[in-house]
Number of protein chains: 2
Amino acid sequence: MFSERQQQIVETAIKLIADKGIQNLTIKNIAFEIGISEPALYRHFGSKLEILKAVITNFQIKMKPALEKLKESVNSLNKIESFILEHLKIINLNPDFAKVIFSEANFQNEEDLILKMNNMMKQSHKILETIVQSGQKKDEIRSDINSLSIVRIIIGSMRLLVTQWSMSGMIFNLEAEGKQLSDDIMKLIIAE
Amino acid sequence: MFSERQQQIVETAIKLIADKGIQNLTIKNIAFEIGISEPALYRHFGSKLEILKAVITNFQIKMKPALEKLKESVNSLNKIESFILEHLKIINLNPDFAKVIFSEANFQNEEDLILKMNNMMKQSHKILETIVQSGQKKDEIRSDINSLSIVRIIIGSMRLLVTQWSMSGMIFNLEAEGKQLSDDIMKLIIAE
DNA sequence: ATTATCTTTGTTAGTGTTCACTAACCAGTG
DNA sequence: CACTGGTTAGTGAACACTAACAAAGATAAT
């Protein structure tokens with residue numbers, strides 16, 4: 001789908017966004033970092049917007065395995081734990097992602113990008129909600145709590161953890177703190 | 001502290017950020033919206049950065065009452081509920097804030113602004129953590145859960161709720177959904 | 001096998017636009 | 001007559017993007 005050069009451009013763009021923020025992402029910077037000229041970049045992407053779209057697509061592709069793994073668990077609590085830990089594992093392996101993803105706000109005014117991001121968000125939200133509801137039916141998860149609240153708690157705390165990790169300069173172990181958070185969430189929502 | 005004109009500039013800036021994103025916030029736009037010329041704006045703020053700093057200061061000032069109200073409650077669960085609901089009440093009254101606050105990422109590369117925002121975040125984080133820990137000591141809150149996890153769950157789910165509200169175009173009732181979320185969190189963390 | 005042409009991917013040198021900010025000036029008020 | 005808060009007209013820098021050209025490899029014609 002993406003040529004080697006295109007892949008290189010996307011990865012460089014992600015790195016630059018993580019380093020200097022999306023406002024400082026310029027075609028010139030990307031080209032310089034790769035070591036080619038500005039117009040050469042336009043041989044591979046028609047516009048800057050195309051590059052940003054590719055950044056999001058790239059993220060989607062890399063995140064997919066986290067959702068695939070869920071199918072291996074039967075118990076809904078295991079699925080939720082897996083949802084949290086697998087996501088964090090991928091972000092830990094691609095630390096530059098952290099700063100890119102959680103800047104939906106940065107894509108304000110670029111209709112296409114917002115839509116692409118929103119759909120991604122909603123999709124994993126839906127998947128998690130389905131898991132929670134089926135867990136409640138099977139009496140594995142407390143049923144006296146609104147399933148939407150549980151979803152918000154899980155995703156919200158996950159996102160905050162990643163934000164804190166990213167803003168702190170990644171000084172703590174994301175996966176270890178994630179395990180602690182996940183364990184605590186399990187204790188809270190498990191049906192007695 | 002701020003003159004009337006300065007206040008007007010700050011409020012216009014917030015409105016424009018909410019509408020069009022921070023990348024589209026230009027001195028020209030602010031001036032046009034107010035109905036004065038661009039250089040006139042520089043009579044009131046020395047630079048664009050000064051305006052952005054004032055935006056954050058303004059936010060701090062408006063949010064303060066949410067922390068004041070906490071002191072009225074004795075019970076730690078009441079304090080937490082109040083923490084959530086008072087914050088949401090203020091955001092509901094100043095909907096433009098929602099899009100501004102949760103774009104810490106937008107301030108990347110402006111050292112001063114990141115610092116200002118981070119300190120704000122850390123401060124309310126600390127306040128909440130103190131409340132949770134004292135609640136655990138007084139046996140009002142479950143003690144088998146890491147207090148840091150509880151703080152992350154509360155703030156994380158709150159932030160996600162606000163983000164969803166803002167991204168949805170404010171189609172749902174923030175305070176009502178907030179009450180539901182708050183009630184559910186209470187049920188989860190209360191000591192039996 | 002040699003030559004001609006096309007395609008790909010790069011180059012240098014620009015374009016017009018937009019931005020934050022400034023110089024110089026001016027009208028009203030105390 | 002100075003201060004405050006406004007004006008018009010501009011500055012240089014940065015940006016996304018383009019025009020025109022060049023070198024090398026693949027493809028095809030002779």
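The analysis underlying the following values was restricted to heavy atoms, covering all of them including side chains, and did not include hydrogens, waters or symmetry mates. Source: prediction; values computed, not measured. In what follows, chains are A, B, ... by sequence order, proteins preceding strands, each numbered from 1.
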Inset, instruction - Starting from P on dA16(D), measure out to CG on N24(A) and report it in whole angstrom. - result: 10 Å

Inset, instruction - Tell me yes or no: between the side chains of H125(B) and Q164(A), is some donor less than 3.5 Å from an acceptor? - result: yes

Inset, instruction - For S37(A), answer base if it contacts any base atom (sugar-phosphate contacts may also be present), sugar-phosphate if it contacts only those atoms, and nothing otherwise; contact means non-hydrogen atoms under 4.0 Å. - result: base

Legend entry - Nucleotide dA14(D), atom P - distance to NZ of K20(A) in whole Å: 14 Å

Legend entry - Listed nucleotide nearest any side-chain atom of I36(A), set dC17(D), dG10(C), dT7(D): dG10(C)

Legend entry - For atom CZ of F45(A) and atom P of dA16(D), their distance in whole Å: 15 Å

Legend entry - Side chain of I27(B) (C-beta onward), nearest among dT7(D), dA16(D), dA20(C): dA20(C)

Legend entry - Phosphate contact (dG10(C) OP1 or OP2) by R5(A) side-chain N/O below 4.0 Å: yes

Legend entry - Residues T57(B) and K116(B): side-chain donor-acceptor under 3.5 angstrom: yes

Legend entry - Pair E140(B), S76(B): side-chain N/O donor-acceptor within cut-off below 3.5 Å: yes

Legend entry - D184(B) and S149(A): side chain donor to acceptor below 3.5 Å: yes

Inset, instruction - To the nearest Å, give me how far apart CD (E38(B)) and P (dT11(D)) are. - result: 15 Å

Inset, instruction - Provide, to the nearest angstrom, the distance between the CD1 atom belonging to I22(B) and the P atom belonging to dC19(C). - result: 14 Å

Inset, instruction - Find which nucleotide of DNA chain D each of L41(B) and L25(A) is nearest to by heavy atoms, and output the residue with the more 5' nucleotide. - result: L41(B)

Legend entry - Rounded interatomic separation in angstrom, taking CD from Q23(B) and C1' from dA16(D): 15 Å

Inset, instruction - Measure from the side-chain heavy atoms of Y42(B) and tell me the nearest of dA20(C), dA16(D), dA19(D). - result: dA20(C)

Inset, instruction - Taking atom types as modelled, find out whether E4(A) and Q8(A) have a side-chain donor-acceptor pair closer than 3.5 angstrom. - result: no

Inset, instruction - Please tell me which of the listed nucleotides, dA20(C), dC15(D), dG6(D), lies nearest to the side chain of T26(A)? - result: dC15(D)

Legend entry - Among dT11(C), dG5(D), dT7(D), the nucleotide that comes nearest once only the side chain of H44(B) is considered: dG5(D)

Inset, instruction - Would you kindly compare L49(B) and R43(B) by the position of their nearest DNA chain C nucleotide and give the one closer to the 5′ end? - result: L49(B)

Inset, instruction - Round to a whole Å and report the spacing from CD1 of I30(B) to P of dC19(C). - result: 12 Å

Inset, instruction - Provide, to the nearest angstrom, the distance between the NZ atom belonging to K28(A) and the P atom belonging to dT18(D). - result: 17 Å

